[in-house]
**Q** 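Here's a structure for you.
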Amino acid sequence: MRPFTYVRPPDVDASLRAIAERPGARFLGGGTNLVDLMRQDVERPAALIDISGLPLDTVEELPGGGLRIGALVRNSRLAVHPLVRERWPVLSQALLAGASGQVRNMATVGGNLLQRTRCLYFTDHTAGCNKREPGTGCDAIGGFHRNAAVLGAGEHCVATHPSDMAVALVALDAVADVRSVRGSRRIPLAELHRLPGETPQRDTVLAADELITAVELPPSAVAAASAYRKVRDRASFAFALVSVAAAIEVTDGVVSGVRIALGGVAPKPWRAREAERVLTGAPAGEESFRAAAAAELAPAVGLPQNTFKIELARRAVVAALRGLTEGSTA
């Protein structure tokens, strides 16, 4: 690990000033795997700004029924919060599907959102990786790419985003509150993470001096009937091959509201807008579910080892929606 300066400011404003004054600094807590990547000489911050003592660890109900979640709330605590389990069960399920109990006890909401890719080429200094070192190529394309993206990828990077929680938050229309010394802004979670394009080294739209302070969940009638479905190689401590966060509201046998996001298939949590469009106003049944899944996955392009993900994603979407509507009398 390379030498760095360690700073533990007393409050949020001091933390923001500290990182603004130190180009190349990182927020400790600004990515679940940051320290691991420092040990592997992938991340090389000039300074670490320790934010673990800041008062960003509360969960507050908002007027109107929404929820404000501090960036330092532990994943394990959020997963069992009564309001989350009651109003946004898909989020609770997604959190419990991630990593292990020990990791969830330490991981935070902000850190989870900002974790970096788990592509094996990203941490292999003998391999070409445009995300680690722009201009060196993407060795995953011609190498081992079973876990690679089938949507939103390109010639410069085919890595997938690893978070389960982020997939649920994207489906729920969550918004991140972000601060820097220059002011505050709100970023819809669906817009927080970037597709690789020509700059795969940039994972998010955040500036280097910006800190996520909270995530807000809007009130949502459709979220009450929601679920997270994760397909993986083993039952725990495994990243998704494909995951689906789905919420659906059915009125008189017709889909009156629906939210769907996919994980494990793209460089960012993938909001399934086309599937939602096809489903809205359609009969709530197998035929509509299949049509929606097919429409969403129509642009998908696989590589030799991961083409199976396209059909797997179609089936996972259908299964998630079927599970939410079976027995429904609405």
Side-chain angles (χ1 to χ4, degrees), residues 30-34 37 42-43 94 98 110-124 127-171 174 176 187-207 212 230-232 238-245 260-275 296-310 312-313 316-317:
T32 299
N33 55 342
L34 173 61
L37 294 174
V42 174
E43 289 278 9
N112 185 296
L113 287 174
L114 297 181
Q115 64 184 298
R116 303 209 66 190
T117 181
R118 306 304 173 124
C119 176
L120 60 89
Y121 295 98
F122 181 56
T123 55
D124 181 357
C129 174
N130 288 319
K131 189 175 283 292
R132 184 188 69 248
E133 191 173 347
T136 59
C138 176
D139 279 2
I141 293 175
F144 179 76
H145 48 248
R146 180 172 179 267
N147 296 325
V150 295
L151 289 167
E155 61 179 327
H156 299 298
C157 182
V158 294
T160 56
H161 190 269
S163 175
D164 292 294
M165 182 194 74
V167 179
L169 290 175
V170 165
I187 305 173
L189 256 292
E191 299 173 14
L192 175 66
H193 298 97
R194 299 177 65 259
L195 296 179
E198 298 294 322
T199 54
Q201 70 274 19
R202 292 192 59 205
D203 294 342
T204 73
V205 299
L206 294 177
I212 295 176
K230 182 175 182 178
V231 184
R232 47 188 164 176
F239 297 105
L241 289 170
V242 169
S243 66
V244 181
I260 303 171
L262 305 178
V265 297
K268 59 181 287 184
W270 188 267
R271 183 66 180 264
R273 303 282 187 188
E274 183 61 17
E296 189 63 46
L297 275 299
V301 178
L303 294 165
Q305 297 166 16
N306 77 340
T307 301
F308 75 93
K309 278 186 157 190
I310 300 173
L312 184 62
V317 170

**Q** Taking side chain as C-beta onward, heavy atoms only, is Val244 less than 4.5 Å from Val167?
**A**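 No, too far: nothing below the 4.5 Å cut-off.
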**Q** Keeping the roles fixed (side chain from His193, backbone from Val205), state whether a donor-acceptor pair exists under 3.5 Å.
**A**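 The answer is no, because no donor-acceptor pair under 3.5 Å joins these two groups.
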**Q** Under 4.5 Å between any side-chain heavy atoms of Ile187 and Leu206, yes or no?
**A** yes
**Q** Check this for me: does any side-chain nitrogen of one of Arg116 and Glu43 sit under 4.0 Å from a carboxylate oxygen of the other?
**A** yes
**Q** Taking all atoms of both residues into account, what is the closest heavy-atom pair of Ser243 and Gly264, and its distance?
**A**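 Closest heavy-atom pair between Ser243 and Gly264: OG-N, 4.5 Å.
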**Q** Within the structure provided, determine whether Val242 and Leu262 are in side-chain contact (heavy-atom separation under 4.5 Å).
**A**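 No, every pair of side-chain atoms sits at 4.5 Å or beyond.
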**Q** Backbone N or O of Leu241 within a donor-acceptor pair of the Arg146 side chain at under 3.5 Å?
**A** no
**Q** Does a salt bridge link Asp164 with Lys230, judged by any charged N lying under 4.0 Å from a carboxylate O?
**A** yes
**Q** Carefully, step by step, assess Thr199 and Arg194 under the rule side-chain hydrogen bond (donor to acceptor under 3.5 Å, both in side chains).
**A** CA-CA 9 Å; Thr199 54; Arg194 299 177 65 259; 2.8 Å; yes
**Q** Quick check: does any side chain N or O of Lys131 sit under 3.5 Å from a backbone N or O of His156, one acting as donor and the other as acceptor?
**A**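 Checking the backbone N and O of His156 against the side chain of Lys131, no donor-acceptor pair under 3.5 Å is found.
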**Q** Examine the side chains of Thr32 and Asn112 and answer whether a donor and an acceptor come within less than 3.5 Å of each other.
**A** no
**Q** Return the set of residues passing side chain to side chain contact (heavy atoms under 4.5 Å, CB included) with Ala300 (not counting sequence neighbours), or none when no residue passes.
**A**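 By the side chain to side chain contact (heavy atoms under 4.5 Å, CB included) rule, Ala300 matches Val150, Leu151, Leu297, Ile310.
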**Q** With no hydrogens and no angle check, is any side-chain donor or acceptor of Asn130 less than 3.5 Å from a backbone partner on Gly135?
**A**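 Answer holds: yes.
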**Q** In sequence, state the C-alpha distance, the side-chain angles, and the governing distance for Lys268 and Asp203, and then conclude on salt bridge (Lys or Arg N to Asp or Glu O under 4.0 Å).
**A** CA-CA 8 Å; Lys268 59 181 287 184; Asp203 294 342; over 6 Å; no
**Q** If every non-hydrogen atom of Ile260 is compared with every non-hydrogen atom of Ala275, which pair is closest and at what distance?
**A** CD1-CB, 4.1 Å
**Q** Please report the shortest heavy-atom distance between Ala238 and Arg232, naming the atom on each side.
**A** O-CD, 3.8 Å
**Q** Are the side chain of Thr160 and the backbone of Ala149 linked by a donor-acceptor contact shorter than 3.5 Å?
**A** no
**Q** Out of curiosity, Tyr121 OH to Cys157 SG, how far, rounded to the nearest 0.5 Å?
**A** 12.5 Å
**Q** Would the distance check show the side chain of Glu274 and the main-chain N or O of Glu296 forming a donor-acceptor pair, the cut-off being under 3.5 Å?
**A** no
**Q** Has Asn33 got a side-chain atom pairing as donor or acceptor with Gln115's backbone, closer than 3.5 angstrom?
**A**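 Side chain of Asn33 to backbone of Gln115: no pair is present.
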**Q** Any non-hydrogen side-chain atom of Val42 less than 4.5 Å from a side-chain atom of Phe122?
**A**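 In short, these two side chains touch, coming nearer than 4.5 Å.
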**Q** Using side-chain heavy atoms (C-beta onward) and a distance below 4.5 Å, is Asn306 in contact with Val158?
**A** no
**Q** For Leu120, check side chain to side chain contact (heavy atoms under 4.5 Å, CB included) against everything at least two apart and list the hits.
**A** Phe144
**Q** Looking only at atom types and distance, does a side-chain atom of His145 sit under 3.5 Å from a main-chain N or O of Gln305, one as donor and one as acceptor?
**A** yes
**Q** Once you round to the nearest 0.5 Å, how far does CG of Leu195 lie from CZ of Arg202?
**A** 12.5 Å
**Q** Shortest non-hydrogen contact from His161 to Pro267?
**A**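 Heavy atoms only, the tightest pair is CB-O, 3.4 Å.
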**Q** Taking C-beta and beyond as the side chain, do Leu169 and Leu113 meet within less than 4.5 Å on heavy atoms?
**A** yes
**Q** How many angstroms lie between CZ in Phe239 and OG in Ser163, if you round to the nearest 0.5 Å?
**A**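 Atom-to-atom, Phe239:CZ and Ser163:OG are 9.5 Å apart.
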**Q** Return yes if some donor-acceptor pair links the side-chain N/O of Thr136 with the main-chain N/O of Glu133 below 3.5 Å, else return no.
**A**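 A pair under 3.5 Å: yes.
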